[in-house]
Amino acid sequence: MEPNEASAGVERCRMYRSLSDPMRQKILALAEQEELSIGELGFLLSAAQPKVSRQVSALRLAGLLAVRKEGTRVWVQSSATNHVDTLVADATANGMRMAKDEGLLERIAEVLKQRDQQTKHYFTATATSAQFEYLPLELPAYLFALKPVMAACIETALDVGTGDGAVLDALAPLYNRVIGLDRAAEQLKFAEARVQTRGYTNVELLRSEYEITELKSVLPDFSGVDLVIAARLLHHAPRPAHAMRELGKLLRAGGHLIIVDYRQHHDEQMRELQADTWLGFKAEDLRKWALDAGLSKVEIRSIPKRFCGKGRDAKLGWQVLHAEAKEKIE
């Protein structure tokens, strides 16, 4: 036997050993379904985090899992090469069968709901009285974000996650019709106060999720808008890539999507201060999600810090994604 063949045989034996543990097979299957944290995997598998960490580490060293660190959290997803190897594919399939038998796949939805509940609780609990005598200090950031589309479309704009309506001060003077959308009734009360104080007659407020099916249930004639803007929303989304797709579906053909959010950072306090699920995003991830959603002409720019007001998050790097829908996204 040639030395290279012997070495390959040893490596194959190691791979068999790496995949022999049922928990590892289930981890491979779960990580293929969704990017999950070590804590979430522990919840799904009813296992202590140190044990899960050891199993994940072994699979990572074998090249079977992609692992990234975000603050104090470690996120795990399936390696892109797993389906190439028949042994790995078989182990993952067996893990999937066990996961289905144990009801673990259904519990993934519970994990995603738990992510979302933290955000819902935050925006309900922190709704406080607001004063609208002055324009928001971060208004320059929103105008900077809107610059590429100011001459492109003037009909209808949709502000997703409008909150107290700060972005409406940038949209109302520019668009014939502006819809402010939020799922928290407490936040919409303050948006309504802003609209009344400013005297905006072209702004309507809706309580709804931002998925197209949910929006159509409260706005049956909805067929897409010229502009969708989501300002500091994506870092609260349980599944950012999915959220990007849903936001794209709200556009008409030729419409524009604006995402204002943080660059990737490591300020763990933001999870406590404003229930952030994600500590910002890499520009390349935003770009990939936009392209995967069927959007084109994707451009990402950094927003100058001096434009970002004086809020608790002003110290973080802000960025804006601008993309277009060449055709209606279904």
Side-chain angles (χ1 to χ4, degrees), residues 109-139 141-142 145 157-172 175 177-220 222 225 228-240 242-243 246-247 250 258-262 269-279 308-314 316 318:
E110 187 178 344
V111 165
L112 297 176
K113 185 177 180 180
Q114 287 176 352
R115 291 182 192 173
D116 209 22
Q117 284 299 117
Q118 296 172 2
T119 297
K120 286 183 176 180
H121 175 74
Y122 170 78
F123 284 106
T124 298
T126 60
T128 57
S129 60
Q131 301 297 321
F132 304 118
E133 181 179 353
Y134 304 104
L135 292 170
L137 292 175
E138 65 272 20
L139 183 61
Y142 301 141
L158 177 62
D159 177 21
V160 179
T162 193
D164 67 8
V167 178
L168 299 177
D169 283 327
L171 298 176
Y175 289 83
R177 182 190 184 194
V178 177
I179 303 170
L181 186 72
D182 206 287
R183 60 185 181 181
E186 294 81 0
Q187 295 291 329
L188 285 174
K189 290 177 183 177
F190 299 118
E192 178 62 32
R194 184 185 297 272
V195 170
Q196 294 300 321
T197 299
R198 299 280 194 264
Y200 296 143
T201 58
N202 60 332
V203 175
E204 57 192 286
L205 300 172
L206 290 174
R207 184 184 180 188
S208 172
E209 301 285 348
Y210 51 77
E211 283 82 358
I212 185 69
T213 52
E214 294 283 340
L215 182 54
K216 282 188 173 181
S217 69
V218 297
L219 201 65
F222 184 84
V225 295
V228 170
I229 181 168
R232 293 181 288 175
L233 168 87
L234 206 62
H235 62 261
H236 289 298
R239 303 163 68 196
H242 173 78
E246 289 300 314
L247 292 170
L250 303 177
I258 295 287
I259 301 274
V260 176
D261 221 295
Y262 311 134
Q269 281 189 313
M270 298 308 293
R271 299 194 199 277
E272 301 297 327
L273 290 173
Q274 57 183 37
D276 289 9
T277 302
W278 309 98
L279 300 182
C308 300
K310 297 181 180 179
R312 61 180 59 157
D313 58 355
L316 306 177
W318 291 23

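Sequence positions, counted from 1, serve as the residue numbers for this chain.
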>> Looking at every heavy atom in both Ala172 and Asn202, which two are closest together, and how far apart are they?
In response: O-ND2, 3.0 Å
>> Are the side chains of Asp159 and Leu181 in contact, using a 4.5 Å heavy-atom criterion?
In response: no
> How far apart are the C-alpha atoms of Phe190 and Leu188, what are their side-chain angles, what is the distance that settles it, and do they pass the side-chain contact (heavy atoms from CB on, under 4.5 Å) test?
Replying inline: CA-CA 5 Å; Phe190 299 118; Leu188 285 174; over 6 Å; no
> Heavy-atom distance under 4.5 Å between the side chains of Trp318 and Arg232, does that happen here?
Replying inline: yes
> Is Arg198 close to Val203 at the side-chain level, that is, under 4.5 Å between some pair of heavy atoms?
Replying inline: no
> Side chain of Asp182, backbone of Gly163: donor and acceptor closer than 3.5 Å?
Replying inline: yes
> What is the distance from atom CD of Glu110 to atom CD of Gln114, rounded to the nearest 0.5 Å?
Replying inline: 5.5 Å
>> Looking at every non-hydrogen atom in both residues, tell me the closest pair between Leu168 and Thr162 and how far apart they are.
In response: CG-OG1, 3.7 Å
>> To check you understand the geometry: which heavy-atom pair defines the closest contact between Ala314 and Gly309, and what is its length?
In response: CB-O, 3.4 Å
>> Taking salt bridge (charged side-chain N to carboxylate O under 4.0 Å, His left out) as the definition, give me every residue that meets it alongside Arg115, ordered by chain and number, with sequence neighbours left out.
In response: Glu40
>> Run the side-chain contact (heavy atoms from CB on, under 4.5 Å) test against Ala166 and tell me which residues pass, sequence neighbours left out.
In response: Pro136, Glu138, Tyr142, Asp164, Arg194
> Does the side chain of Leu171 come within less than 4.5 Å of Ile229's, by heavy atoms?
Replying inline: yes
>> One pair to check against side-chain contact (heavy atoms from CB on, under 4.5 Å): Leu233 and Ile259. What are the steps and the verdict?
In response: CA-CA 8 Å; Leu233 168 87; Ile259 301 274; over 6 Å; no
> For Ala170 and Leu139, which heavy atoms make the closest approach, and how far apart are they?
Replying inline: CB-CD1, 3.6 Å
>> Quick check against the 3.5 Å criterion: does Asp116 have a side-chain atom that pairs as donor or acceptor with the backbone of Pro238?
In response: no
>> Run the side-chain hydrogen bond (donor to acceptor under 3.5 Å, both in side chains) test against Gln274 and tell me which residues pass, sequence neighbours left out.
In response: Tyr262, Asp276
>> Test of understanding: with side-chain hydrogen bond (donor to acceptor under 3.5 Å, both in side chains), list the residues that count as partners of Gln117, not counting sequence neighbours.
In response: none
Compile the donor-acceptor pairs under 3.5 Å between side chains in residues 205-217 and protein atoms, sequence neighbours left out, one pair per line.
from	atom 1	to	atom 2	distance (Å)
Arg207	NE	Arg183	O	3.1
Glu209	OE1	Arg183	NH1	3.3
Ser217	OG	Glu214	O	2.5

>> To check you understand the geometry: which heavy-atom pair defines the closest contact between Leu247 and Ala230, and what is its length?
In response: CD1-CB, 4.0 Å
> Considering residues at least two apart in sequence or located in another chain, which fulfil the side-chain hydrogen bond (donor to acceptor under 3.5 Å, both in side chains) criterion with Glu204?
Replying inline: Arg177
>> Do Asp261 and Trp278 make a side-chain contact, defined as non-hydrogen atoms from C-beta onward lying under 4.5 Å apart?
In response: no
> Taking the side chain from His235 and the backbone from Thr277, do they hold a donor-acceptor pair closer than 3.5 Å?
Replying inline: no
